[in-house]
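For reference, the structure is listed below as structure tokens.
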Amino acid sequence: MFSLLSKLTPPLSKTALHLPKSFSTTTPQPQNTTSAAAILTGLILTSTNPKSLTQSLLSPSINWTPLLVDTILKQLWNHGPKALQFFHLLLHNHPTYIHSVSSFDHAIDIAARLRHYATVFTLLHRMRSLRLHPTPKTFAIIAERYVAAGKPDKALKIFLSMHEHGCFQDLHSFNTILDVLCKAKRVEKACNFFKVLRGKFKADVISYNIIANGWCLIKRTNMALETLKEMVEKGLTPNLTTYNIMLKGYFRAGQIEEGWKFFLEMKKRKCEIDVVTYTTVVHGLGVAGEIKRARKVFDEMVREGVLPSVATYNALIQVLCKKDCVENAILVFEEMLRKGYVPNSTTYNVVIRGLCHKEQMDRAIEFMDKMRDDECGPNVQTYNIVIRYFCDAGEIEKGLELFQKMSCGDCLPNLDTYNILIGAMFVRKKPDDLVVAGKLLIEMVDRGFMPRRLTFNRVLDGLLLTGNQGFAKGILRLQSRCGRLPRQFKL
DNA sequence: ATAGGGTTAG
């Protein structure tokens with residue numbers, strides 16, 4: 001297996017500087033766009049009358065720009081129907097403003113996620129009639145949504161028909177579709193497709209890396225090695241990314257000692273191992289419970305002159321939370337602050353989860369408040385973590401309180417949030433809780449999230465058992481409209 | 001948005 005490593009000639013170029021990611025410049029958004037977007041998002045969410053909303057949106061005082069539209073669409077991501085309504089109102093009613101390609105991409109993404117495929121194709125055609133060309137990215141979005149909906153063949157079909165929509169197929173787009181399939185764990189399908197077309201598109205190292213990573217994602221490291229062997233036989237040279245993929249694959253598959261040996265071999269062969277390599281090993285060892293070894297590797301990387309990134313710290317903090325103790329994790333968190341790193345939402349979420357797990361909810365909330373000061377406010381994941389732990393601890397009211405807080409803030413609940421809360425409505429066996437569950441069910445459907453049939457049935461049973469026949473009937477009609485009706489029912 | 005490292009429970 002290490003014969004692959006000998007192909008690493010000449011040595012990979014050294015990355016000039018290993019600056020922590022937080023030191024890189026981020027593009028600031030104009031303040032006026034951010035605040036205008038927040039106001040408009042609020043307006044769209046609270047409006048009940050499309051006509052008056054249209055009038056408000058057409059007000060000449062609003063200076064529509066692609067950035068403003070994109071920002072609003074992102075904020076409405078977890079309220080798909082409202083997002084599409086907004087996009088269409090501008091599209092059909094504004095006298096001068098024309099949507100940009102990126103706004104069309106957002107709208108297509110949302111429509112495809114809602115499985116409104118007719119809308120997807122209408123928008124594609126509308127783009128062409130406006131002489132805006134769909135890009136390879138547009139097709140990557142559609143393909144990804146098809147795969148997520150369990151329709152990988154449709155994804156391949158749309159890729160193969162790209163040229164009919166005025167978009168050229170090349171190696172880039174070929175690699176993209178392979179990656180979409182692999183990331184969705186449809187590796188077998190990706191591999192077959194790859195074998196048929198790799199000659200035509202002149203597959204490169206990136207193509208092989210994508211397939212090898214796919215096998216690693218489903219823990220079939222031997223198939224990944226096979227793929228890389230084929231690559232070498234075709235005269236292509238593995239690069240550092242190739243080795244990092246294999247390394248991660250071993251740890252993910254629980255082959256800790258294989259991973260460790262591979263890491264030692266990478267060092268011996270003088271690969272210019274980088275921050276990604278070290279982060280992979282720190283995380284891999286830590287997840288396996290090897291905290292001391294993980295720490296050693298972390299110290300070693302600093303000695304070797306490879307600066308840890310925020311992701312490296314996140315990896316270390318997470319494994320300390322899981323396999324050591326939260327206190328030590330928080331010490332590392334404080335150390336990273338002292339060194340000038342800016343924690344991101346992942347850092348906070350990891351610490352908050354660790355605190356929740358140790359039933360230190362008050363401290364978890366403190367960290368949540370600290371996030372706001374670091375201008376990465378709590379995100380949906382943060383809320384979902386804390387809401388889940390409150391509910392698990394039987395503090396349903398506190399969970400609901402946080403849910404209310406997010407509903408009126410800039411962070412809309414997602415499918416997980418609704419599933420967590422609806423599930424929690426059954427623990428106290430209170431009739432009122434089931435009414436809340438029913439209301440949550442109605443709200444989530446309204447926002448474009450599809451509850452599972454089981455969820456419908458549980459809520460229905462609960463309402464019937466607590467004597468709420470009237471409401472149950474309404475839920476049953478909703479279930480019917482969603483196509484989630486049990487067979488034996490006829491309405 | 002052509003590839004690799006940190007968040008998720010069961």
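In what follows, chains carry the letters A, B, and so on, assigned in the order in which the sequence lines appear, proteins first and then strands, with residues in each chain numbered from 1.
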Check your understanding: Any side-chain donor-acceptor pair under 3.5 Å between S173(A) and D170(A)?
Key ->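 D170(A) and S173(A) do have a side-chain donor-acceptor pair below 3.5 Å.
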
Practice item. Verify the neighbour count for atom CZ of R452(A): are there more than 12 heavy atoms of other residues, nucleotides or ligands below 6.0 Å? Key: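 Count not over threshold, so no.
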
Determine: side-chain N/O of [X] to OP1/OP2 of [N], distance under 4.0 Å, yes or no.
X: H106(A); N: dA1(B); result: no
X: K248(A); N: dA3(B); result: no
X: R353(A); N: dT8(B); result: yes
X: K322(A); N: dG6(B); result: no

Heavy atoms only, 4.0 Å cut-off, all strands: where does [X] land among base, sugar-phosphate and nothing?
X: T312(A); result: base
X: T346(A); result: base
X: Q318(A); result: sugar-phosphate
X: H172(A); result: base

Point to revise | Evaluation steps, salt bridge (charged side-chain N to carboxylate O under 4.0 Å, His left out), between E366(A) and K370(A) | key: CA-CA 6 Å; E366(A) 275 173 33; K370(A) 234 184 264 185; 6.0 Å; no

Review point. Using the glycosidic torsion, which applies to dG6(B): syn (within 90° of 0) or anti (everything else)?
Key: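 It is syn.
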
